[in-house]
Amino acid sequence: MSEVRVRFAPSPTGYLHIGGARTAIFNYLYARHHNGKFILRIEDTDIERSSKEYTRAILRSMQWLGLDWDEGPYFQSQRFDIYNKYLKKLLENKTGYRCWCSPEELSDFKNSLREKKLKFKKKYIEETNLHWLSERENIYPVVIVETPLEGTITYKDIVKGNITFSAKDLNDFIIWRSNDTPIYNFVVVVDDSDMGITHVIRGDDHISNTPKQIIIYNALKLELPYFAHIPMILGPDKKRLSKRHGATSVEAYKQQGYLPEALFNYLVRLGWSYGDQEIFSKDELVGKFDLDNVGKSAAIFNPEKLLWLNAEYIKSSHHARLFDEIIDRIPEEERSKLRSDSNFFKLIGLVKIRSRTLRELYENLKFYFEPYPNEYDSKGVRKFFSKKTLYEALRALYKKLDVMIHFNEENLENAFNEIATEYNVKLRDLAQSVRLAITGKTVSPGIFEIIELLGKLRTMRKLQYAIQWIEKHITFE
RNA sequence: GUCCCCGUCGUCUAGAUAGGUCUAGGACACGGGCCUUUCACGCCCGUAACAGGGGUUCAAAUCCCCUCGGGGACGCCA
């Protein structure tokens with residue numbers, strides 16, 4: 001077989017969404033696996049709804065996901081010359097015809113045909129004496145492709161197998177608007193052919209477009225590509241995934257703190273599998289991905305599993321990489337200091353196993369450079385700041401730490417234990433009140449570990465602040 | 001309504017192509033336990049599915065048919 005050439009062809013009428021991203025990924029992987037070319041084409045023939053802003057956003061999302069393309073982006077809006085050339089051909093060989101009818105007339109006619117269980121065909125225009133086939137005043141013509149009255153159109157889908165349509169079930173369809181611009185079904189065929197696309201890999205919502213496109217291929221005497229229709233992604237209610245199911249754009253997942261590899265991995269595994277394996281590097285995917293293990297049925301998007309995968313990727317990421325990923329969230333004045341602070345990088349290591357997103361990672365990290373917590377967890381305050389003995393223990397601990405010279409885990413642990421015994425409090429309760437004092441939360445890495453990393457100065461400052469806070473806000477019974 | 005596609009645990013799936021090795025495997029989630037200064041991580045255990053009905057066959061999740069269910073398409077959108 002000659003070189004594999006595939007394409008991803010989004011229309012810039014919105015951000016790149018999860019479904020589109022998966023289609024792009026499948027195309028990308030198929031190209032890379034077969035040493036072929038991955039082409040990007042922007043389908044902006046609907047000038048009204050397309051925008052430059054969305055185009056930029058789509059490219060940005062693709063780059064973020066690591067979907068680098070080999071050719072393009074081509075813009076259909078710049079290729080009207082080519083479409084005109086093929087349009088001429090279609091008109092010349094009479095598979096396309098001009099129709100002088102208004103949108104209203106056309107839709108009324110289709111409705112009346114529907115009542116008779118008939119499809120819209122040129123033959124019925126003629127039989128009904130509509131006079132739409134020759135010029136009329138004040139009406140701009142559309143160009144319509146004529147579909148056969150009988151027979152079948154069959155093609156072999158790489159993922160779904162043989163699919164057959166009856167010609168009698170097909171409407172003749174418009175391929176050129178009365179405002180002199182071409183329509184989707186026509187331009188895809190022309191472009192895919194012109195760009196030498198060998199495999200059309202797209203969502204299975206395009207299955208019913210395929211017979212129409214095959215008719216155009218045949219009419220234009222163009223070679224047919226292979227078709228592979230991949231199942232769609234559904235929401236939890238089994239409806240087509242949309243905004244009401246929550247975040248659907250790639251951009252949104254980026255903002256929420258997902259790693260591109262995690263999203264990529266999750267999306268490939270949705271509808272494709274390789275035995276029991278769940279986690280794949282991109283190189284592995286390039287080696288293993290092929291269309292034959294793509295499933296036939298629609299998949300429900302499961303945010304929980306994506307979250308799990310993201311956590312897995314965060315856990316196995318290098319600290320430096322994670323630092324780079326969250327740097328935008330860190331206050332500017334802290335960035336360079338932290339970059340060369342080896343304790344901060346150690347802390348990243350402690351915190352990353354309890355962070356499922358980069359956002360969480362940042363939240364778990366920020367106590368390190370913030371002088372004291374913005375607020376204390378209210379439940380924690382009730383349990384650990386509101387007991388007199390714990391408060392007294394905390395004060396005693398403060399004094400003990402104040403004279404401690406080597407601020408290491410071992411010494412800290414001894415000090416905590418001594419105070420706990422002395423004041424007859426549980427070590428865990430003392431640890432919790434210190435944790436709350438330092439991080440503002442009841443959850444963090446090991447208390448001795450973080451104190452050691454934080455160092456004496458910053459620890460004492462936070463403890464002092466907490467003690468004062470308690471004195472100011474709490475009245476013991 | 002018409003046409004097309006799909007149907008294994010709640011979810012993603014292994015199982016197909018070569019019907020027996022499937023008392024149906026893995027993963028997420030969920031439940032329990034261990035570890036433990038909190039929360040995680042990690043480890044161990046558990047709950048849970050072949051949509052239904054007919055065939056074919058010594059034998060069917062795997063092949064055939066029907067029913068039911070879900071989705072998609074029927075635009076001068078892509």
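Proteins come first, then strands; the chains are lettered A, B, ... in the order of their sequence lines, and each starts at number 1.
Comparing A:Asp204 and A:Phe301 along RNA chain B, the residue whose closest nucleotide (by nearest heavy atom) sits nearer the 5' end is A:Phe301. With the nearest nucleotide of RNA chain B identified for both A:Ser208 and A:Leu306, A:Leu306 has the one nearer the 5' end.
Atom-to-atom, NZ of A:Lys168 to P of B:G1 comes out at 17 Å; the value is rounded to the nearest Å. Atom P of nucleotide B:A40 and atom CZ of A:Arg354 are separated by 10 Å, given to the nearest angstrom. Rounded to an integer number of Å, the gap from CD1 of A:Ile279 to P of B:U13 is 17 Å. If you take CZ of A:Arg22 and P of B:U13, they are 8 Å apart, rounded to a whole angstrom.
Taking 4.0 Å as the cut-off between side-chain N and carboxylate O, A:Arg395 and A:Glu392 do not count as a salt-bridged pair. Under 4.0 Å is where a charged nitrogen must lie from a carboxylate oxygen, and between A:Glu146 and A:Lys121 no such pair does.
The side chain of A:Asp46 sits closest to B:A78 out of B:A14, B:C6, B:A78. Distance from the side chain of A:Asn171 is smallest for B:C74 among the nucleotides B:C74, B:C6, B:G10. Out of B:U37, B:U38, B:A78, the shortest distance to the side chain of A:Gln432 is found at B:U38.
For the OP1/OP2 pair of B:A78 and a distance below 4.0 Å, the side-chain nitrogens and oxygens of A:Thr45 include at least one atom meeting the criterion. Proximity of A:Lys305 to the phosphate of B:A29: no side-chain N or O atom is located under 4.0 Å from OP1 or OP2. Under 4.0 angstrom from either OP1 or OP2 of B:C76 there lies no side-chain N or O belonging to A:Ser178. Phosphate contact (OP1/OP2 of B:G75, side-chain N/O of A:Lys110, threshold under 4.0 Å): present. The side chain of A:Arg240 contributes an N or O atom lying less than 4.0 Å from OP1 or OP2 of B:A73.
Between the side chain of A:Asp44 and the backbone N or O of A:Ser77 there is at least one donor-acceptor pair closer than 3.5 Å.
Within the nucleic acid shown, A:Glu278 comes within 4.0 Å of at least one base atom, counting heavy atoms only. No contact: A:Ser433 has no heavy atom under 4.0 Å from any strand. Using a 4.0 Å heavy-atom cutoff across all strands shown, A:Ile207 reaches sugar-phosphate atoms only and no base atom. Among the heavy atoms of the strands, none lies under 4.0 Å from A:Phe173.
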Evaluation steps, side chain to side chain donor-acceptor pair (under 3.5 Å), between A:Arg79 and A:Gln76: CA-CA 5 Å; A:Arg79 295 168 56 83; A:Gln76 291 185 325; over 6 Å; no
